[in-house]
Amino acid sequence: MNKAIPKEAVCQVFENVNTGGVALTVFELVTATFAADDYELRKDWEKRKQTLNKQLVLKNVTATDFLTSMTLLNGFNHHKNRGTAVSCKKKDVLNLNLQEYKCNCEPLTEGFIQAAKFLLEQRIFSERDLPYSTQLIPMAAVFTLLGGKVHNGTVKNKIAQWYWCGVFGEIYGGANETRYALDVIGLMSWINESGKEPDTIIRAYFNPIRLISLQTRLSAAYKRSNGSYSKRGLL
């Protein structure tokens, strides 16, 4: 195939001719792309996954989650430097640059670990307690971008407000790629530039009567309504 053909088109052909009859994940497609540059992404992820699994709350983080968070991280850096849009849809993940991946994979791994430590402070101890595993994707990108700032009390309180608004507002339950991007931009602006609150905080709404109708553990609000969060002013 001609090298000028867009990467997502090459991956689409690869996906269509897959004889196994199983739809390939974004991770498998990026793995194939990086293999062209002699980089074994799968081996790298297996080692990285072992590191993440030491944090119980990160046990369900997938390779695709990691790549999506990486795309958000790179997208925000480009947005900051060039004014480009932040997006993490499939085509954006497929456009990941190998050099950027190599530069950011260690910082992002640490970002996920810092996010896990933050969740422990919020009394979330394992993946079973996690209301929305998807919320880890933008959270890890933000923790990576903030670096040492995450230890500042004011910064941590803002992240906590955003996090619990997402949980009790039940906002992270659907297709989230657009929300990821909005929240990464919104959180970074709110924290670093005293901008307006992120979209998730603005849109969040929780009616206390909702507690009466919570009957399934699959509900994010149910998972956390049994905790002692009323003392935080959240209920």
Side-chain angles (χ1 to χ4, degrees), residues 52 55 57-58 61 64-93 95-97 99-122 124 130-204 232 234:
L52 296 179
Q55 308 291 327
V57 77
L58 300 180
V61 173
T64 298
D65 292 338
F66 190 82
L67 291 180
T68 303
S69 190
M70 174 73 72
T71 304
L72 284 168
L73 175 63
N74 291 338
F76 182 82
N77 285 329
H78 294 162
H79 170 77
K80 182 178 176 182
N81 298 326
R82 308 171 193 171
T84 54
V86 179
S87 178
C88 62
K89 295 182 180 179
K90 182 177 179 178
K91 65 181 181 62
D92 304 300
V93 179
N95 282 328
L96 268 176
N97 180 285
Q99 189 57 42
E100 287 183 322
Y101 179 87
K102 288 180 177 179
C103 288
N104 291 318
C105 57
E106 289 299 335
L108 182 59
T109 300
E110 181 61 24
F112 269 98
I113 292 171
Q114 290 302 318
K117 291 178 178 178
F118 164 81
L119 289 171
L120 283 176
E121 295 174 2
Q122 306 300 309
I124 296 176
L130 195 62
Y132 291 121
S133 60
T134 52
Q135 208 168 353
L136 270 169
I137 294 173
M139 186 189 296
V142 167
F143 270 79
T144 305
L145 290 164
L146 289 173
K149 284 186 179 181
V150 298
H151 302 297
N152 178 283
T154 301
V155 170
K156 195 170 287 187
N157 286 339
K158 285 186 174 182
I159 295 174
Q161 184 180 351
W162 162 78
Y163 178 73
W164 289 112
C165 281
V167 171
F168 285 101
E170 300 181 273
I171 290 176
Y172 268 82
N176 295 308
E177 289 89 351
T178 300
R179 179 151 305 282
Y180 296 159
L182 285 173
D183 278 348
V184 168
I185 295 172
L187 272 169
M188 294 304 294
S189 173
W190 190 36
I191 291 170
N192 287 336
E193 302 166 16
S194 298
K196 69 177 184 178
E197 295 173 335
D199 186 72
T200 288
I201 294 179
I202 293 172
R203 290 179 178 272
R232 298 175 182 269
L234 293 164

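Positions are given from 1, in the same order as the sequence printed here.
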With side chain to side chain contact (heavy atoms under 4.5 Å, CB included) as the criterion, how do L146 and N192 come out once you've worked through the C-alpha distance, each side chain's angles and the decisive distance to 0.1 Å?
CA-CA 9 Å; L146 289 173; N192 287 336; 4.0 Å; yes

C105 vs M70, side chain to side chain contact (heavy atoms under 4.5 Å, CB included): CA-CA, chis, key distance, verdict
CA-CA 8 Å; C105 57; M70 174 73 72; 4.1 Å; yes

What do you reckon, is NZ of K89 surrounded by more than 12 foreign heavy atoms closer than 6.0 Å?
no

Main-chain N/O of V155 paired with K149 side-chain donor or acceptor, under 3.5 Å
no

Taking the side chain as every heavy atom from C-beta outward, state whether Y163 and Y132 have any atom pair closer than 4.5 Å.
no

Write out all pairs satisfying side-chain hydrogen bond (donor to acceptor under 3.5 Å, both in side chains) with one or both partners inside residues 108-120, taking only residues at least two apart or from two chains.
R48-T109, E110-Q114

Find out whether I159 and F143 are in side-chain contact, i.e. whether some heavy atom of one side chain is under 4.5 Å from a heavy atom of the other.
yes

Do E197 and Q161 come close enough that some side-chain heavy atom pair is under 4.5 Å?
yes

Pairwise side-chain contact, S87 with E177, heavy-atom cut-off 4.5 Å (strictly under)
no

Pair N97, N74: side-chain N/O donor-acceptor within cut-off below 3.5 Å:
no

Side-chain donor/acceptor of H79 to backbone N/O of A85, under 3.5 Å:
no

Going through the distances and angles, do W162 and M139 end up as a side chain to side chain contact (heavy atoms under 4.5 Å, CB included)?
CA-CA 10 Å; W162 162 78; M139 186 189 296; 3.8 Å; yes

Do you know the tightest heavy-atom contact between V57 and A116?
CG1-CB, 3.4 Å

Side-chain H-bond candidate by donor/acceptor type, D92 with T71, under 3.5 Å:
no

When you compare the side chain of V167 with that of Q135, does any pair of heavy atoms fall below 4.5 Å?
yes

Restricting to non-hydrogen atoms, name the atom on K91 and the atom on N95 that form the minimum distance, rounded to 0.1 Å.
O-ND2, 3.1 Å

Min side-chain heavy-atom separation Y172-D183 under 4.5 Å:
yes

Does the S69 side chain pair with the main chain of D65, one donor and one acceptor, at a distance under 3.5 Å?
no

Within the 4.5 Å heavy-atom criterion, are L119 and L136 side-chain neighbours or not?
yes

Determine the minimum heavy-atom distance between L72 and C88, stating which atoms define it.
CD2-SG, 3.8 Å

Step-by-step side chain to side chain contact (heavy atoms under 4.5 Å, CB included) determination, Y101 to L67
CA-CA 9 Å; Y101 179 87; L67 291 180; 3.9 Å; yes

Would you say that Q122 contacts W164 through its side chain, given a criterion of any heavy-atom pair below 4.5 Å between the two side chains?
yes

